[in-house]
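A short worksheet on the structure shown next.
Predicted model only: the values in this text are computed from it and were never measured.
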Amino acid sequence: MSQTVKLVLEDGTSIEGESFGAFTSAAGEVVFSTAMTGYPENLTDPSFAGQILVLTTPMVGNYGVPGEDLYESISKIFESDKIHIAGLVVSYYSEEHSHWHAAKSLGDWLKEYNIPGICGVDTRMLTKKLREKGAMLGKIVAETDVPLHDPNCDNLVAQVSPAGVQHYGHGQHKIVLVDCGTKTNIIRCFLERDVELIRVPWDYDFTTLDYDGLFLSNGPGDPKMCEATIAHLQKALQQDKPIFGICLGSQLMGLAAGGDTFKLKYGHRSHNQPVKLTGTQHCYITSQNHGFAVDTATLPAEWDMLFENLNDGTCEGIKHKTKPFFSTQFHPEAAGGPQDTEFLFDDFLKAVVEYKATTAK
């Protein structure tokens, strides 16, 4: 028997639909993603923490949710160990699923984590509203009402970052990964490239560690909440050890360098964002999930924009003119796809090799 729930937006819009997943109320920031596949990866991406996610693809749930499988103590499938979204909004939810790797339905998976879903929503209309007015606060209301809540006022990174230091691999290059909400596929990409990975919490003073390269992960919310990370990163920028940042990591690098960040109107959340390598005609299709960006006009003279978004001209990465520091606003690891820019991990490790060779002389 179906249960009726409502999606209520901060402008007073109220949309009635049917519940799937947990029959409970939840509040957050309503955002949309145009990715046609990959909801197991998206829902477990810590960058979506605090957000009510609208999926624009018409049918959701038809291939279910895969079973868990581990690689080096981390998931082979999911991007973290739990669902991070506050709620899910879809047009048509397929109650029946079929896939060789499916272990459960999407609805049952949401129930496990007490996450509400609402279907029967005109997601085309809703997406047009979000594009025109920008990302909005909202709530999915079941039996009990809840107040609206802006997750960007919270330190979401502190909520999703691990509590302690973790070690992976035994490779020849020692990389520190500052986990602000990292996607598991970032760890997989490094482990496939002969590294020893030291995963530290967002506020850990990594400058006290011995390492060959520094990696700054993706994560949710406003980067300016990460004051401790920025302070540690400012020290690292005084050295010459290679640094690579992704998504939130790019914004943190921009802030630590002395630049500023701003909130995008409705963000970039899809698997088909076109970016161009600055100064070339090389373009790539990228996976993205972020609501903030670096304001390149505020960057010091020794920094340049590395990639540009071809849809709106915003910054998609920065680089230092003389030191081996660079970042991307998009996801080179891109679970679930595309994988056009995974070579950037190789570029980073090449910089690590060159740095080690220089310091060994």
- Item | Leu209 and Tyr204: CA distance, side-chain angles, deciding distance, side-chain contact (heavy atoms from CB on, under 4.5 Å) verdict | CA-CA 10 Å; Leu209 301 176; Tyr204 188 92; 3.8 Å; yes

- Task: Test Trp100 against Tyr63 for side-chain contact (heavy atoms from CB on, under 4.5 Å), laying out the working first.
- Result: CA-CA 9 Å; Trp100 69 272; Tyr63 59 89; over 6 Å; no

- Task: Output, in order, the C-alpha distance, side-chain angles, deciding distance and verdict of side chain to side chain donor-acceptor pair (under 3.5 Å) for Asp295 and Thr298.
- Result: CA-CA 6 Å; Asp295 181 357; Thr298 66; 4.6 Å; no

- Query: Do Gln51 and Arg269 pass the side-chain contact (heavy atoms from CB on, under 4.5 Å) test, and can you show the C-alpha distance, the side-chain angles, and the key distance before you say yes or no?
  - Reply: CA-CA 12 Å; Gln51 296 179 332; Arg269 298 175 181 89; 3.2 Å; yes

- Worked check of side-chain contact (heavy atoms from CB on, under 4.5 Å) between Phe215 and Val176: CA-CA 6 Å; Phe215 177 84; Val176 168; over 6 Å; no

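Annotation: Gln159, atom CD; neighbour count of heavy atoms from other residues, nucleotides and ligands within 6.0 Å is above 12. Within 6.0 Å of atom NZ in Lys265, more than 12 heavy atoms from other residues, nucleotides or ligands are found, so the atom counts as buried in its surroundings. Within a 6.0 Å radius of NZ in Lys224, other residues, nucleotides and ligands contribute more than 12 heavy atoms.
With contacts defined as side-chain heavy-atom distances shorter than 4.5 Å, the pair Leu214/Leu216 qualifies. Between Leu137 and Leu9, the closest side-chain pair of non-hydrogen atoms is not below 4.5 Å. Trp109 is listed as a side-chain neighbour of Thr44, based on a closest heavy-atom distance under 4.5 Å. When side chains are defined from C-beta on, Met136 counts as touching Leu130, because their heavy atoms get closer than 4.5 Å. Between Val8 and Thr13, the closest side-chain pair of non-hydrogen atoms is not below 4.5 Å.
With hydrogens and angles ignored, the 3.5 Å screen pairs no side-chain donor or acceptor of Thr123 with any backbone N or O of Val90. Looking only at distances, no side-chain donor or acceptor of Tyr266 sits under 3.5 Å from a matching main-chain atom of Lys133.
Taken to the nearest 0.5 Å, the CZ atom of Phe23 stands 11.5 Å off from the NZ atom of Lys111. We find the OG1-NE2 distance between Thr207 and His232 to be 6.5 Å, quoted to the nearest 0.5 Å.
Salt bridge status for Lys263 with Asp222: absent, with no side-chain N to carboxylate O gap under 4.0 Å. Salt bridge annotation for Arg199-Asp179: present, with a cationic side-chain nitrogen under 4.0 angstrom from a carboxylate oxygen.
Between the side chains of Glu41 and Tyr39, no donor N or O sits under 3.5 Å from an acceptor N or O. With hydrogens and angles left out, the side-chain atoms of His97 and Lys104 include no donor and acceptor closer than 3.5 Å. Donor-acceptor pairing under 3.5 Å is recorded for the side chains of Asp45 and Asn289.
Thr34 meets the side chain to side chain contact (heavy atoms under 4.5 Å, CB included) test with Phe32, Thr56, Ser270, Asn272; sequence neighbours excluded. Glu68 pairs by the side chain to side chain contact (heavy atoms under 4.5 Å, CB included) definition with Leu70, Ser75, Phe78, not counting sequence neighbours.
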Atom pairs and distances, donor-acceptor, side-chain atoms in residues 240-256, under 3.5 Å, two or more places apart:
unit_1, atom_1, unit_2, atom_2, d
Lys241, NZ, Tyr211, O, 3.0
Ser250, OG, Ser327, OG, 2.7
Gln251, NE2, Phe292, O, 2.9
Gln251, NE2, Gln329, OE1, 3.3

Side-chain polar contacts of residues 306-322 - donor-acceptor pairs under 3.5 angstrom, sequence neighbours left out - could you list them?
unit_1, atom_1, unit_2, atom_2, d
Asn309, OD1, Asn311, N, 2.7
Asn309, OD1, Asp312, N, 3.3
Asn309, ND2, Gln273, OE1, 3.0
Asn309, ND2, Glu316, OE2, 2.7
Asn311, ND2, Gln273, OE1, 3.3
Asp312, OD1, Thr314, N, 3.0
Asp312, OD1, Thr314, OG1, 2.6
Asp312, OD2, His268, NE2, 2.7
Glu316, OE1, Gln288, NE2, 3.2
Glu316, OE2, Gln288, NE2, 3.1
His320, ND1, Thr322, N, 3.0
His320, ND1, Thr322, OG1, 3.3
His320, ND1, Lys323, N, 3.0
Lys321, NZ, Ala301, O, 2.8

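Taking the six-membered ring where the residue is Trp, Phe325 and Trp303 present parallel rings, their angle staying beneath 30° rather than reaching 60°. Taking the six-membered ring where the residue is Trp, Phe190 and Phe348 present perpendicular rings, their angle passing 60° and hence far from 30°.
Residue pairs meeting the salt bridge (Lys or Arg N to Asp or Glu O under 4.0 Å) criterion with at least one partner in residues 183-193, sequence neighbours excluded, are Glu79-Arg188, Lys183-Glu333, Arg193-Glu342, Arg193-Asp346. Residue pairs meeting the salt bridge (Lys or Arg N to Asp or Glu O under 4.0 Å) criterion with at least one partner in residues 280-294, sequence neighbours excluded, are absent.
Note: Phe343 and Tyr284 meet the aromatic proximity criterion, with ring centroids under 6.0 Å apart.
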